[in-house]
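Quick notes on the structure that follows.
In what follows, every chain begins at residue 1, and chains take the letters A, B, ... in the order their sequences are listed.
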2 protein chains.
Amino acid sequence: MPDADRQAANFQRVREAHQTELAEDYVELIADLIDSTGEARATDVARRLGVAHPTVVKAIGRLQRDGLVESLPYRSIFLTETGRAMAERCKRRHEIVVGFLRKIGVDEETAERDAEGIEHHVSEMTLAAFERLIRSKPLG
Amino acid sequence: MPDADRQAANFQRVREAHQTELAEDYVELIADLIDSTGEARATDVARRLGVAHPTVVKAIGRLQRDGLVESLPYRSIFLTETGRAMAERCKRRHEIVVGFLRKIGVDEETAERDAEGIEHHVSEMTLAAFERLIRSKPLG
DNA sequence: TATAACGTGTAGTATAAGCTATAATTGTTG
DNA sequence: CAACAATTATAGCTTATACTACACGTTATA
Ligand SMILES: [Mn+2]
Ligand SMILES: [Mn+2]
Ligand SMILES: [Mn+2]
Ligand SMILES: [Mn+2]
């Protein structure tokens with residue numbers, strides 16, 4: 001595969017990641033709200049994401065269309081089986097990325113900040129490398 | 001700062017990163033084309049990014065509006081001082097991220113793929129940690 | 001030099017993601 | 001139980017990023 005084609009494929013993959021990224025953060029956040037407070041409401045999701053609530057309502061519509069959540073008018077938001085599975089996967093990945101950044105000497109707040117973006121662009125192979133590094137003996 | 005607020009701030013930062021991300025990849029790619037082939041043409045940029053050429057033309061318009069590139073009708077694309085500086089910064093960062101992934105055992109192709117997305121979400125502190133690790137003795 | 005090939009621009013469309021403002025519903029409380 | 005506060009929905013707008021189809025310039029070559 002010529003170099004230009006491979007580069008194009010890489011950029012294409014990043015664009016794909018951006019499409020799933022929002023869904024991933026939403027389901028992870030919704031799962032977190034359900035598990036910690038008993039239910040996920042649009043207002044809470046909006047506050048946690050730092051966006052206006054109509055933005056959340058529209059996003060929830062897309063997630064429902066894509067089979068990740070279920071919601072009835074004026075009721076709170078539920079995850080489908082698929083959505084719950086995605087949330088679990090994302091939560092695990094999120095924790096690995098944070099743990100890994102901590103391990104190489106990044107402070108807690110920065111690790112959380114960077115992980116929120118990095119997590120969506122980490123392949124299985126890289127994730128495995130992160131885990132390996134976390135389990136290795138202290139660095140430095 | 002309450003937990004919900006900090007989480008919102010983190011998500012906000014990721015959204016900001018997404019706004020600069022495209023500009024970063026464009027200027028880096030344009031610089032690469034200029035340095036390796038003598039000029040950057042919209043078609044080449046399109047092929048390397050894996051998008052249709054009108055997409056590039058519109059993006060170039062935005063980059064020009066934002067003072068990163070200059071272009072005249074039917075001529076190739078040039079970087080402004082600002083654009084060139086951004087390209088250099090991004091190239092360096094890109095290389096650090098790739099080098100770091102290689103160091104922890106990720107193969108060349110995967111490293112390139114993941115780096116294309118990760119690079120935009122790496123803070124200065126994390127980048128410094130990556131550099132430290134690259135310079136450290138072999139792992140494993 | 002005429003024309004074909006290539007590159008660039010424009011028009012028009014779609015979707016996602018965001019916003020503000022306003023309306024409708026629900027739930028709480030006096 | 002009526003009124004009010006909180007929550008949710010909708011309408012209407014904006015910008016960015018993509019696409020296809022078509023028009024226009026430039027460049028190369030026959
Ligand atoms: Mn995230
Ligand atoms: Mn996350
Ligand atoms: Mn990139
Ligand atoms: Mn890059």
Side-chain angles (χ1 to χ4, degrees), chain A residues 4 8-27 29-30 33-34 37-78 116-117 120, chain B residues 4 8-27 29-30 33-34 37-78 116-117 120:
Chain A
N10 291 349
F11 283 121
Q12 211 136 9
R13 162 165 296 218
V14 174
R15 287 196 297 274
E16 280 163 25
H18 284 154
Q19 292 193 316
T20 50
E21 178 158 351
L22 203 93
E24 290 178 344
D25 284 336
Y26 266 85
V27 296
L29 179 49
I30 290 166
L33 286 168
I34 290 174
T37 76
E39 62 174 357
R41 293 143 87 230
T43 301
D44 300 330
V45 174
R47 180 171 40 246
R48 294 273 209 114
L49 287 176
V51 297
H53 70 92
T55 300
V56 170
V57 171
K58 264 192 204 160
I60 296 298
R62 288 190 294 272
L63 296 182
Q64 187 156 23
R65 180 200 62 190
D66 298 343
L68 295 169
V69 309
E70 272 163 18
S71 78
L72 296 170
Y74 295 101
R75 290 280 105 89
S76 64
I77 305 153
F78 299 92
E116 201 52 76
H120 310 281
Chain B
N10 291 349
F11 283 120
Q12 211 136 9
R13 163 165 293 221
V14 174
R15 288 195 297 274
E16 280 163 26
H18 284 155
Q19 292 193 316
T20 50
E21 178 158 351
L22 204 91
E24 290 177 346
D25 284 336
Y26 266 86
V27 295
L29 179 49
I30 290 165
L33 286 168
I34 289 173
T37 76
E39 64 175 354
R41 295 144 87 233
T43 300
D44 299 331
V45 174
R47 181 172 38 247
R48 294 273 210 117
L49 287 175
V51 297
H53 73 90
T55 299
V56 170
V57 171
K58 267 192 202 159
I60 296 298
R62 288 191 295 272
L63 296 182
Q64 188 156 21
R65 179 200 64 191
D66 298 343
L68 295 170
V69 309
E70 272 164 18
S71 77
L72 295 171
Y74 295 101
R75 290 279 105 87
S76 64
I77 305 153
F78 299 91
E116 200 52 76
H120 310 282

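- OP1 or OP2 of dT8(C) has at least one side-chain nitrogen or oxygen of T43(B) nearer than 4.0 Å.
- Rounded to a whole Å, the CD atom of E24(A) is 12 Å from the P atom of dA17(C).
- Sorted by first then second residue, the salt bridge (charged side-chain N to carboxylate O under 4.0 Å, His left out) pairs that include residues 41-56 of chain A, not counting sequence neighbours, are D32(A)-R48(A), E39(A)-R41(A), R41(A)-D44(A), D44(A)-R47(A).
- Residue contacts shown for R62(B) include a base, since a base heavy atom lies under 4.0 Å away.
- The shortest distance between side-chain heavy atoms of V14(B) and H120(A) does not fall below 4.5 Å.
- Between Q19(A) and R15(A) the shortest side-chain heavy-atom distance does not fall below 4.5 Å.
- Rounded to the nearest 0.5 angstrom, L72(A) CG and Q64(A) CD are separated by 7.5 Å.
- With a cutoff of under 4.0 Å to any heavy atom of chain B, the contacted region of DNA chain D is bounded 5' to 3' by dA16(D) to dT27(D).
- Both P54(A) and L22(A) lie near DNA chain C, and the one whose nearest nucleotide falls closer to the 5' end is L22(A).
- Rounded to a whole Å, the NE2 atom of H18(A) is 12 Å from the P atom of dG18(C).
- Checking the phosphate oxygens (OP1, OP2) of dT15(C), no side-chain nitrogen or oxygen of R15(A) falls inside 4.0 Å.
- Residue P73(B) is in sugar-phosphate contact alone, with no base atom involved, counting any heavy-atom pair closer than 4.0 Å across all strands shown.
- Although no hydrogens or angles enter the test, the distance criterion places a donor-acceptor pair under 3.5 Å between the side chain of T20(B) and the main chain of A17(B).
- Side-chain atoms of R65(A) lie closest to dA16(C) of the nucleotides dA16(C), dG18(C), dT20(C).
- As rounded to whole Å, 14 Å separates atom C1' of dA17(C) from atom CG of D25(A).
- Nucleic acid contact class of A52(A) (heavy atoms, under 4.0 Å, all strands): base.
- The distance from atom NE2 of H18(A) to atom NE2 of H18(B), rounded to the nearest 0.5 Å, is 3.5 Å.
- The distance from the CG atom of L68(B) to the CD1 atom of I30(B) is 9.0 Å, given to the nearest 0.5 Å.
- Rounded to an integer number of Å, the gap from K58(A) NZ to dG18(C) P is 10 Å.
- Nearest-nucleotide assignment on DNA chain D puts the 5′-proximal partner with V57(A), out of H53(B) and V57(A).
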